[in-house]
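As structure tokens, the structure follows; a few thoughts come after it.
Quick caveat, the model's predicted, so the values are computed rather than measured. Letters A, B, ... mirror the listed sequences (proteins, then strands); counts begin at 1.
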2 protein chains.
Amino acid sequence: MYTIGTLSKNTGVTRRTLDYYDEIGLVKPSSRTSGGHRLYSEDDVMRLERVLALKYMGFSLDKINAILQSSKLNWQESIQEQLDMVKREQERLKMLEQALQGVLYSIEFEEKISWPIISLIMKFYHQEPEELIQQYNHFMNEEEMRKIIECNETMSEEDIREWMKAVYDIKKHQDIDPHSDLALQLAERWLKQAEKMFDHDEQLLGNLWESLKGLEEGVVFYPMDKGVVEFLQKVSKAHGEMG
Amino acid sequence: MYTIGTLSKNTGVTRRTLDYYDEIGLVKPSSRTSGGHRLYSEDDVMRLERVLALKYMGFSLDKINAILQSSKLNWQESIQEQLDMVKREQERLKMLEQALQGVLYSIEFEEKISWPIISLIMKFYHQEPEELIQQYNHFMNEEEMRKIIECNETMSEEDIREWMKAVYDIKKHQDIDPHSDLALQLAERWLKQAEKMFDHDEQLLGNLWESLKGLEEGVVFYPMDKGVVEFLQKVSKAHGEMG
DNA sequence: TATTGAACATCACGTAACGTGTTGTTTTAT
DNA sequence: ATAAAACAACACGTTACGTGATGTTCAATA
């Protein structure tokens, strides 16, 4: 028999938590002293350990209560559900990470806080992956989309920065004469980074390009927007580069 | 000027939320009708959009309030912190995913719910990655640890299942005669899966094995425990297989 | 055995970001 | 003018406890 204090020390759970678990009937001490002090038996301790294990898994106390009095089948179902939830949450966080990174780049390269861009980035990444893919569906199939997303994830920090810089430099100079040398340089740098990004898969790059031209507004592809796409088209026309 | 209802429809934010944001002073309508109804100006809408963008980033309303009246430098710092947090959270979820998967396999292959094993798995994965790596430090360096973790992540569902089954079959028969044919078969199957797992990197497998022998208790490596390690050692001695 | 300090029980309020519901008032459409 | 819709303001509920406050019981010591 353990008092609440010793049990607390042994398990690392606070007294208040044990008090609370008693209150909601999750882990009740099986006996008390004549004076009313809680006494936990070995069985109670076991129950507590199970509760803690389920808590690590991320279940709510209500759910834990339900699970602990259900059958093996329900168990597998609950844990499977939790597993799926964890996977979805990871997907969400991956998107969020990219969005935050994008915002950081935008602040860094624009050297100011551009709210319209930040809002666009957040809206862009806030949608479900499914919706995101659908936007590009006109010119690319699912496998190609997956390739693009994948190659983005395997890019090094350094390469991502170079790519971002290439795009942001175009944004900064998007109103210069498309026939100028600087315009050509910027476009060529962009093309170089884009090819590097897609591992020189010209087919993939071509399809992406067609898709980009079709999209109307917003953050089209990473930091690229309509202005950048149009700039590249103008330079291409002026110098006869690209399809 | 928008009433609370129209603003709610336009942004998808509930009336109660706008009410609440007004109450805590996060987004206050800049004017009211003579009767006291809220009227939001374009500036108010902009403020709301910024708040929402920051909310998507995962900041608390308190933090958002603080961020919205701070300088650019603090911004970068806050977003960087948030980015780091998101990364850490992803690490945590990755561990949790593996733990849940482990629990599912244990229920599936043992065909019952084994609480001691579940508790062990959860304790094992509940520690920080740093601590986890330290447990194996005696025989492996960091790079090798990283390799092992990596190869585990790149394994297919199918391969993981095969590996799990190999280990669980040993657990089931861990008391049979080490000299028997079945024992040899089980050990050979284990070895085959282990080699496949490490892409036939004998050096790495050898070091892992040394490390496993040194560890005293608990869920040593995935579903492997001390019993499995000892079984493999006994079979090895009996048949002269492995180092 | 009396005392005293530590441990304990019980209660109450606070947390974050709203959802839900009630009551009474204002606006809008007819 | 009237009825319906929209609105303001308030209150209580939610999770899993943390942080006290107050009064009681236990264990060790004098």
Side-chain angles (χ1 to χ4, degrees), chain A residues 1-41 44-45 47-68 78 82 85 89 126, chain B residues 1-41 44 47-68 78 82 85 89 92 126:
Chain A
M1 292 297 194
Y2 307 89
T3 63
I4 196 171
T6 41
L7 183 58
S8 167
K9 266 176 209 157
N10 289 344
T11 59
V13 174
T14 67
R15 272 204 275 276
R16 175 66 177 112
T17 299
L18 291 170
D19 187 18
Y20 182 61
Y21 288 175
D22 184 10
E23 188 186 327
I24 63 172
L26 189 57
V27 182
K28 274 173 187 282
S30 44
S31 60
R32 297 221 177 194
T33 67
S34 55
H37 285 195
R38 282 171 250 255
L39 289 175
Y40 291 89
S41 69
D44 298 336
V45 176
R47 169 112 182 161
L48 176 60
E49 266 171 17
R50 293 176 182 190
V51 167
L52 292 182
L54 289 166
K55 209 156 77 85
Y56 294 155
M57 295 185 201
F59 291 107
S60 73
L61 299 188
D62 247 31
K63 186 80 187 175
I64 291 175
N65 223 338
I67 291 178
L68 279 177
S78 295
Q82 192 67 12
M85 208 261 273
E89 183 66 6
H126 193 245
Chain B
M1 291 298 194
Y2 306 91
T3 63
I4 196 171
T6 41
L7 184 57
S8 167
K9 264 177 209 155
N10 290 343
T11 59
V13 174
T14 67
R15 273 204 275 277
R16 175 66 178 113
T17 298
L18 291 170
D19 187 17
Y20 181 62
Y21 288 174
D22 184 9
E23 188 186 327
I24 62 171
L26 189 57
V27 181
K28 273 172 187 282
S30 44
S31 62
R32 299 223 176 191
T33 67
S34 55
H37 285 194
R38 283 172 251 253
L39 290 175
Y40 291 88
S41 69
D44 298 336
R47 168 113 183 162
L48 176 61
E49 267 173 15
R50 295 178 182 190
V51 166
L52 292 182
L54 289 166
K55 209 156 78 84
Y56 293 155
M57 296 185 202
F59 291 107
S60 73
L61 298 188
D62 248 30
K63 184 79 187 178
I64 291 175
N65 223 338
I67 290 178
L68 279 177
S78 296
Q82 193 66 11
M85 207 263 273
E89 183 66 7
R92 224 209 72 215
H126 192 246

Taking [atom1] from [X] and [atom2] from [N], how many angstroms apart are they, rounded to a whole number?
{"X": "B:L26", "N": "C:dA16", "atom1": "CG", "atom2": "P", "answer": "13 Å"}
{"X": "B:Y20", "N": "C:dT15", "atom1": "OH", "atom2": "C1'", "answer": "10 Å"}
{"X": "A:R38", "N": "D:dT24", "atom1": "CZ", "atom2": "C1'", "answer": "13 Å"}
{"X": "B:D22", "N": "D:dC7", "atom1": "CG", "atom2": "P", "answer": "14 Å"}
{"X": "A:L7", "N": "C:dA9", "atom1": "CG", "atom2": "C1'", "answer": "16 Å"}
{"X": "A:R15", "N": "C:dT10", "atom1": "CZ", "atom2": "P", "answer": "14 Å"}
{"X": "B:E23", "N": "D:dC10", "atom1": "CD", "atom2": "P", "answer": "9 Å"}
{"X": "B:M1", "N": "D:dA6", "atom1": "CE", "atom2": "P", "answer": "21 Å"}

Measure from the side-chain heavy atoms of [X] and tell me the nearest of [options].
{"X": "B:L61", "options": "C:dC8, D:dG18, C:dC18", "value": "C:dC18"}
{"X": "B:I4", "options": "C:dT10, D:dC7, C:dA17", "value": "D:dC7"}
{"X": "B:H37", "options": "D:dT25, D:dA6, D:dA9", "value": "D:dA6"}
{"X": "B:S34", "options": "C:dT27, D:dC10, C:dT10", "value": "C:dT27"}

Do any side-chain nitrogens or oxygens of [X] fall under 4.0 Å of OP1 or OP2 in [N]?
{"X": "A:T3", "N": "C:dA7", "answer": "no"}
{"X": "B:R32", "N": "D:dA9", "answer": "yes"}
{"X": "A:S8", "N": "C:dC8", "answer": "no"}
{"X": "A:T33", "N": "D:dT25", "answer": "no"}
{"X": "A:Y21", "N": "D:dC17", "answer": "yes"}
{"X": "B:K55", "N": "C:dC18", "answer": "yes"}
{"X": "A:R16", "N": "D:dA16", "answer": "no"}
{"X": "B:T14", "N": "C:dG19", "answer": "yes"}

Problem - Nearest-nucleotide 5' precedence on DNA chain C, B:S60 against A:L39 - result: A:L39
Problem - Any donor-acceptor pair under 3.5 Å from A:R50 side chain to A:I64 backbone - result: no
Practice task
Mark yes or no for whether B:T6, through its side chain, and B:Y2, through its backbone, hold a donor-acceptor pair below 3.5 Å.
Solution key: no
Problem - N-O pairing of B:D22 and B:R32 below 4.0 Å - result: yes
Exercise for the section: State whether B:D44 and B:R38 are salt-bridged, where the test is any N-O pair (Lys NZ or Arg NE/NH1/NH2 against Asp/Glu carboxylate O) under 4.0 Å. Expected result: no
Practice task
Give one of base, sugar-phosphate or nothing for A:K63, where a contact means two heavy atoms less than 4.0 Å apart.
Solution key: nothing
Practice task
State, with a plain yes or no, whether a side-chain heavy atom of A:L48 is found less than 4.5 Å away from one of A:Y21.
Solution key: yes
Completion exercise
Distance col, row A:Q82:CD vs A:L54:CG, nearest 0.5 angstrom, shows 9.5 Å
